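The structure appears right after this line, and notes come after that.
Each chain gets a letter, A, B and so on, in the order its sequence line appears, and its residues count up from 1. None of these values were measured; they are calculated from a predicted model. Just the heavy atoms: all of them, side chains too, but no hydrogens, waters or symmetry mates, feed the values below.
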Number of protein chains: 2
Amino acid sequence: MEARGIHHVGVAVADLDEAVRTYERLFGGRLEHRARVEDQGVEAASMRVGESRIELVAALDADTPVGRFIADRGPGMHHLAYEVEDVASALADLAEQGAELIDGAPRQGLFGLEVAFVHPESVHGVLSEVVSRG
Amino acid sequence: MEARGIHHVGVAVADLDEAVRTYERLFGGRLEHRARVEDQGVEAASMRVGESRIELVAALDADTPVGRFIADRGPGMHHLAYEVEDVASALADLAEQGAELIDGAPRQGLFGLEVAFVHPESVHGVLSEVVSRG
């Protein structure tokens, strides 16, 4: 599979408002989207920095995947997402290469994207995501 | 300061050869540069994935910053580097915004780049780097 490049870097934060301001202030980030997604237990903000994108993700409560990540490791880099042409065919290629998939089929991600996650054990500790515009 | 975008995502790995092969195999990565830098205690490989760049960094021994990172947290995402026009003026802007700098002045980084690091405490837990072609 040939990924097109990094779609975004996902960063787990404790305080979303403050994190948005930090990325605006330090790196000239611009808020692109912001959404609260109850069933994923997150509130997220997509920031553009130049042509690149940082996805800031805060937990809606402690007993969520992002809440547990922050409790275990503190805020910080959480996942790395690659843009692909088609998530389903990327998943087929990844499975053929022996990667352990968290999502066996594409699902609806944040901001209307079609996404799927690959287990960090298959990518040297990096929780990896493939993304397309769906 | 207006960063131009993400220059690379730095990933700490235990086995550099195996990690290069993983990024080639799973995401179509292409090896751009590889170097052993004794005084930084690392061997690093710059991989292109589409237009983006992943910097894989392995420790030359356990008693180095990357070696200690891996011992503490395991392999995984290590730092996030932004491309800027000029590292010295980016550092002046970051200091003015109250960011705690690890490098008060630009220094020589991997692969001939001019670099400086910002303390993760100032960026919600993300070790952040500013990079220019020097």
Looking only at B/Glu83, B/Met1, B/Glu51, most heavy-atom pairs under 4.5 Å shared with chain A are made by B/Met1
Among A/Arg53, A/Arg73, A/Glu2, which has the most heavy-atom pairs under 4.5 Å with chain B? A/Arg73
Look at the side-chain heavy atoms of Ile, Leu, Val, Met, Phe, Trp and Tyr, link any pair under 4.5 Å apart, and say whether A/Tyr23 and A/Val20 land in one connected group. yes
Answer key: most heavy-atom pairs under 4.5 Å with chain A among B/Ala12, B/Ala90, B/Gly5 is B/Gly5
Side chain, backbone, both or neither: which part of B/Arg4 has a non-hydrogen atom closer than 4.5 Å to chain A? backbone
Is it possible for you to say whether A/Leu127 and A/Leu56 belong to one hydrophobic cluster, with membership spreading through side-chain heavy-atom contacts below 4.5 Å? no
B/Phe27 and side-chain contact (heavy atoms from CB on, under 4.5 Å): which single residue from A/Asp93, A/Val84, A/Leu94 fits? A/Leu94
Hydrophobic cluster identity match, A/Val57 and A/Val37, side-chain contacts under 4.5 Å: yes
A/Val49 and B/Ile6: side chain to side chain contact (heavy atoms under 4.5 Å, CB included), yes or no, with the steps? CA-CA 7 Å; A/Val49 176; B/Ile6 294 172; 5.8 Å; no
A/Met47 reachable from A/Phe111 in the ILVMFWY side-chain graph, under 4.5 Å edges: no
Does any backbone or side-chain atom of B/Val123 lie under 4.5 Å from a heavy atom of chain A? Answer side chain, backbone, both or neither. both
Heavy-atom contact with chain B under 4.5 Å, split by part of A/Glu18: both
B/Glu96 atom CD, over 12 foreign heavy atoms within 6.0 Å: no
Shorter than 4.5 Å, heavy atoms on both sides: which option in B/Val130, B/Leu80, B/Val11 has the most such pairs with chain A? B/Leu80
Heavy-atom pair of closest approach, residues B/Ala99 and A/Leu26: CB-CD2, 4.1 Å
Would a single hydrophobic cluster contain both A/Leu110 and A/Met77, if residues Ile, Leu, Val, Met, Phe, Trp and Tyr are joined by side-chain heavy-atom contacts under 4.5 Å? no
Does any heavy atom of chain A fall under 4.5 Å from the side chain of B/Tyr82, the backbone, both, or neither of them? side chain
Whatever's closer than 4.5 Å to a heavy atom in chain A on B/Arg48 counts as neither
Top residue by heavy-atom pair count (under 4.5 Å) with chain A, among B/Ala19, B/Ser128, B/Gly29, B/Gly74? B/Ala19
Largest heavy-atom contact set with chain A, pairs under 4.5 Å, which of B/Gly125, B/Ser52, B/Gly76: B/Ser52
Take atom CD of B/Gln97 as the centre, draw a 6.0 Å sphere, and report whether it contains more than 12 heavy atoms from other residues, nucleotides or ligands. yes
Tell me, for B/Ile54 versus chain A, whether the close heavy atoms (under 4.5 Å) come from the side chain, the backbone, both or neither. side chain
CD (A/Glu85) with more than 12 external heavy atoms under 6.0 Å: no
